[in-house]
Every structure is written in structure tokens, then in C-alpha cells.
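Single-structure report; data block below.
When reading the values below, keep in mind they use all heavy atoms of this one structure, side chains included, and skip hydrogens, waters and symmetry mates. Along the sequence shown, residues carry numbers from 1.
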Amino acid sequence: MAQLVWITPAGSLGVIPETKIYRNSLVATDPDAGSVNYRVIAGTLPAGMQFSTGGLLTGTPYTVSENVVSRFTVRARSGSKIADRTFSLTVASNNVPTWVTPAGNVGSYFEVTYFN
């Protein structure tokens, strides 16, 4: 009876922008051809993300005020065989300035003219 083998490397799953749809499969295999189920056993997923028993990580991460790193451990199970692996996912903030002044020329003024 061989142990489960993780195909998805441990560690960072990357950086994803806030409010953008994300989808990624985490994969482990059973050399004895058993079906593998998955669940998060520790840590937390980014807000707005879900994880299925089939290993699919999906969702739309919520808006964040700064980059947020979420760390979580996933357990793969096939019958009595288990294998755990820890991952991280960074949600990147898009807090860039928003211009309220319309594009284009704001006017022509002499250098001593007061402008408000």
C-alpha cells in the first residue's frame, strides 16, 4: 500500500489581484488508484474563496487594503491514507489613486494668477 503523492508543490500558489476570479486545482494521487478527497484542516483561505472536496480552489477574493497572505494546510485522503501539504496565496491590493479631474487641458494661466 503506497502513500499518497502530492503533485502540486508546497508553498506559494501565487499572487492574485483582489476582486478577480481565481481557479486552481490542487492535486495529489494515490498510486493504488484510489479516489482522493481534499479538505482544509488548518489556516484560512482568503476571504471570498472556497475549496471543494475535489481539490478545486475557486472564488473572487474580497477587496483588501494591503497585500494579504493566507496560509492553509490541505489534507488529501484516499481510504486510510492521508497526506498533508501547506500552501499560501497572496491577494494583492489595487489601491491606486483614482483621478477625479477629467483628462485633458485644465486651462492656461499666467504664473502670477491665483487658481483654485
Side-chain angles (χ1 to χ4, degrees):
M1 181 161 83
Q3 292 298 314
L4 295 177
V5 177
W6 273 99
I7 304 301
T8 307
S12 177
L13 296 174
V15 178
I16 57 175
E18 62 186 4
T19 70
K20 300 297 180 198
I21 296 171
Y22 179 80
R23 180 183 175 103
N24 191 4
S25 291
L26 305 183
V27 180
T29 60
D30 182 351
D32 298 326
S35 66
V36 179
N37 291 318
Y38 306 84
R39 71 182 175 107
V40 175
I41 61 167
T44 56
L45 297 175
M49 305 294 295
Q50 304 82 37
F51 188 69
S52 75
T53 58
L56 187 61
L57 178 60
T58 60
T60 305
Y62 293 170
T63 300
V64 292
S65 60
E66 59 185 18
N67 291 1
V68 175
V69 179
S70 297
R71 289 179 180 77
F72 52 95
T73 301
V74 174
R75 174 166 287 168
R77 177 182 293 257
S78 180
S80 62
K81 296 178 272 189
I82 62 170
D84 298 341
R85 184 151 282 187
T86 301
F87 302 97
S88 67
L89 189 59
T90 302
V91 176
S93 172
N94 276 339
N95 292 334
V96 294
T98 303
W99 286 96
V100 294
T101 305
N105 187 349
V106 294
S108 297
Y109 304 93
F110 294 107
E111 66 183 73
V112 294
T113 304
Y114 175 76
F115 178 75
N116 185 4

For residues 82-91, the salt bridge (Lys or Arg N to Asp or Glu O under 4.0 Å) pairs (sequence neighbours left out) are Arg75-Asp84
How far does OG1 of Thr19 sit from CG of Asn94, to the nearest 0.5 angstrom?
6.5 Å
First locate atom CZ of Phe87, then atom CG of Leu26, and finally report the distance between them rounded to the nearest 0.5 Å.
5.0 Å
Tell me which pairs pass salt bridge (Lys or Arg N to Asp or Glu O under 4.0 Å) where either residue lies in residues 23-34, with sequence neighbours left out.
Asp30-Lys81, Asp32-Lys81
Under the ring pair (Phe, Tyr, Trp, His ring centres under 6.0 Å) test, which residues partner Tyr22, sequence neighbours left out?
none
Side-chain atoms of residues 53-73: list all donor-acceptor pairs with protein atoms under 3.5 Å, sequence neighbours left out, distances to 0.1 Å.
unit_1, atom_1, unit_2, atom_2, d
Asn67, OD1, Ser93, N, 2.9
Thr73, OG1, Thr86, OG1, 2.9

Less than 3.5 Å apart, which donor and acceptor atoms pair up between the side chains of residues 5-17 and the rest of the protein, not counting sequence neighbours?
unit_1, atom_1, unit_2, atom_2, d
Trp6, NE1, Ala83, O, 3.3
Thr8, OG1, Val27, N, 2.8
Ser12, OG, Gly14, N, 3.0

Sequence neighbours excluded - salt bridge (Lys or Arg N to Asp or Glu O under 4.0 Å) pairs with any residue from residues 37-63
none
How close do Ser35 and Ser78 get, counting heavy atoms only, and between which atoms?
O-OG, 3.1 Å
